[in-house]
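One-based numbering, in listed order, for ligands and for the atoms of each. Note that these values count all heavy atoms, side chains included, but never hydrogens, waters or copies made by symmetry.
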Amino acid sequence: MGLHDREGIGMTSRRTRDRLVTRLRDAGISHPRVLSAIANTPRHLFVDEALASRAYEDASLPIGHQQTISQPYIVALMSQALLDGNSKHSRVLEIGTGCGYQTMVLSQLVNLVYSVERIGALHQQARDRLYDLKIRNAYFKHGDGFEGWQEQGPFSGILITAAPERVPDSLYHQLSVGGVMILPEGEKRLQRLITITRTASGFQRHEGACVNFVPMLSGVI
Ligand code: SAH
């Protein structure tokens, strides 16, 4: 068995993964479905082979194109916020596919995931990777997340994994009533995790923890 097999060996083994789950639980992640989705997701297959031995550290890591794979704690925190907002999500829009790690975690928690990425090379790699991992309820688009994915909306959940300076207007309209949008908002190093809930009469906004994401940029490359 090589380092790139699904189960992994040594620093990528089931035991190493379980240690990450224990650490997330200690850090306050309590939702059992979120913890088991993290335990079931082979993060070592989402990073470069040279970084695979560090894949189960609770840290963000480079994935090329000046982008990163998110820190597992943040992936868990956002996934938990999504489920707290609504425990039975039908359609979830993810902006910022990156390597597809959060996409695979979400695919285990909701019915359908629609994921948009602006960098063509990352989009293709993630789409192929999730296909190889037998994920069949996630759909991918190479596009600008500022436009969302109108044809597939409205969504019961929207999760943005890059930081816009303010919540994009177009995305409010793609959220269904009762739906919840979670995103980092703000400038470099000064972002807060925001939860927007759409009610019958409008939108409610809640500001959470300080976070540090790569910026959300417009246009595709
Ligand atoms: N979800 C990823 C984290 C990706 S990092 C994970 O699981 O690790 C953020 C990603 O957002 C990058 O790949 C970046 O290219 C992408 N991004 C930034 N602005 C975007 C936009 N306007 N539309 C779509 N993707 C965008």
Side-chain angles (χ1 to χ4, degrees), residues 20 24 29 34 37-38 40-48 51-52 54-82 92-110 113-130 133 135 138-150 152-153 155 157-172 174 181-189 191 193 211-221:
L20 171 63
L24 296 183
I29 304 298
V34 172
I38 298 266
N40 284 330
T41 305
R43 194 168 183 256
H44 62 285
L45 301 184
F46 290 79
V47 296
D48 216 61
L51 289 172
R54 298 187 52 202
Y56 297 95
E57 291 174 15
D58 188 21
S60 60
L61 295 167
I63 56 167
H65 307 272
Q66 295 175 307
Q67 305 302 323
T68 55
I69 179 170
S70 299
Q71 184 192 350
Y73 172 71
I74 296 294
V75 171
L77 190 68
M78 291 176 89
S79 304
Q80 180 163 280
L82 194 73
V92 168
L93 174 68
E94 177 192 42
I95 307 293
T97 316
C99 63
Y101 176 68
Q102 169 91 66
T103 319
M104 180 160 173
V105 171
L106 287 175
S107 75
Q108 300 165 72
L109 301 172
V110 307
V113 186
Y114 294 87
S115 188
V116 181
E117 169 60 53
R118 68 182 285 271
I119 300 178
L122 290 177
H123 152 76
Q124 272 180 26
Q125 232 177 37
R127 189 190 54 195
D128 294 349
R129 181 180 279 131
L130 266 70
L133 286 165
I135 302 302
Y139 300 89
F140 298 89
K141 175 174 159 170
H142 178 213
D144 183 348
F146 278 105
E147 292 164 14
W149 194 339
Q150 175 110 36
Q152 299 295 350
F155 301 96
I158 299 179
L159 207 147
I160 310 184
T161 66
E165 285 182 16
R166 51 185 289 273
V167 183
D169 283 341
S170 58
L171 296 185
Y172 279 106
Q174 293 180 29
M181 170 156 59
I182 294 145
L183 74 152
E185 184 198 63
E187 289 167 33
K188 226 177 171 184
R189 299 186 190 290
Q191 306 151 8
L193 207 55
V211 286
N212 188 6
F213 278 78
V214 296
M216 184 166 169
L217 303 171
S218 49
V220 296
I221 56 172

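In this structure the side chain of Ser115 never reaches within 4.5 angstrom of the side chain of Gln102, judged on heavy atoms. For the pair Ser170 and Gln150, the minimum side-chain heavy-atom distance is 4.5 Å or more. Within the 4.5 Å cutoff, the side chain of Ser70 has heavy atoms near those of the Phe213 side chain. Using a 4.5 Å cut-off on side-chain heavy atoms (C-beta onward), Phe140 and His123 make contact. Side-chain contact between His142 and Val220 is present, with at least one heavy-atom pair separated by less than 4.5 Å.
Atom CG in Leu171 sits 5.0 Å away from atom CD1 in Ile160 (nearest 0.5 Å). Between the OG1 atom of Thr97 and the CD atom of Gln124 there is a distance of 12.0 Å, given to the nearest 0.5 Å. Distance OG1/Thr161 to CD1/Ile182: 12.0 Å, rounded to 0.5 Å. Atoms CZ and OG, from Arg118 and Ser218 in turn, are 7.0 Å apart once rounded to the nearest 0.5 Å. Rounding to the nearest 0.5 Å gives a distance of 12.0 Å between CG of Leu130 and OH of Tyr101. Taken from OG1 in Thr41 to CD1 in Ile135, the straight-line distance is 7.5 Å, to the nearest 0.5 Å.
At a heavy-atom cutoff of 4.0 Å, ligand 1 is contacted by both the backbone and the side chain of Ile69. The part of Gln67 lying near ligand 1 is the side chain, judged by heavy-atom distances below 4.0 Å. Contacts of Ile63 with ligand 1, taken as heavy-atom pairs under 4.0 Å, are absent altogether. Only side-chain heavy atoms of Val214 come within less than 4.0 Å of ligand 1; its backbone N, CA, C and O stay farther off.
For ligand 1, the atoms lying closer than 4.0 Å to a non-hydrogen atom of Val116 are 24 (C), 25 (N). Close approach of ligand 1 to Phe146 (heavy-atom distance below 4.0 Å) involves ligand atoms 22 (N). In the vicinity of Gly98, heavy-atom distances shorter than 4.0 Å reach the ligand 1 atoms 4 (C), 13 (O). Ligand 1 places these atoms under 4.0 Å from at least one heavy atom of Leu122: 13 (O). Interface atoms of ligand 1 facing Ala162, defined by a heavy-atom separation under 4.0 Å, are 11 (O), 18 (C). Shown in contact with Ile119 at under 4.0 Å from a heavy atom are these atoms of ligand 1, numbered in order with element: 15 (O). Taking every heavy atom of Tyr101 and a limit of under 4.0 angstrom, the matching atoms of ligand 1 come to 7 (O). Atom numbering of ligand 1 starts at 1 in the shown order; those under 4.0 Å from a heavy atom of Glu94 are 1 (N).
Among all protein heavy atoms, the one lying closest to atom 15 (O) of ligand 1 is Glu117 OE2, 2.6 Å. Of all protein heavy atoms, the one closest to atom 23 (N) of ligand 1 is Gly145 N, 2.7 Å. For atom 9 (C) of ligand 1, the closest non-hydrogen atom of the protein is Thr161 O, 3.3 Å. The protein heavy atom nearest to atom 5 (S) of ligand 1 is Thr68 O, 3.4 Å. Protein heavy atom nearest atom 22 (N) of ligand 1, with residue, atom name and distance: Leu217 O, 2.6 Å.
The shortest separation from a heavy atom of Thr97 to ligand 1 is under 4.0 Å, placing the residue in contact. For Ser60, the closest heavy-atom approach to ligand 1 does not fall below 4.0 Å.
Considering both main-chain and side-chain atoms, Asp144 comes within under 3.5 Å of ligand 1 through a nitrogen or oxygen pair.
The residue among Ser70, Gly96, Gly148 with a heavy atom at the shortest distance from atom 10 (C) of ligand 1 is Gly96. Relative to atom 25 (N) of ligand 1, the option among His65, Arg118, Gln102 with the closest non-hydrogen atom is Arg118.
Across all non-hydrogen atoms, the minimal contact from Pro62 to Leu51 is O-CD1, 3.7 Å.
The aromatic rings of Tyr114 and Trp149 stand perpendicular to each other, their planes meeting at an angle above 60°, with 30° marking the opposite boundary.
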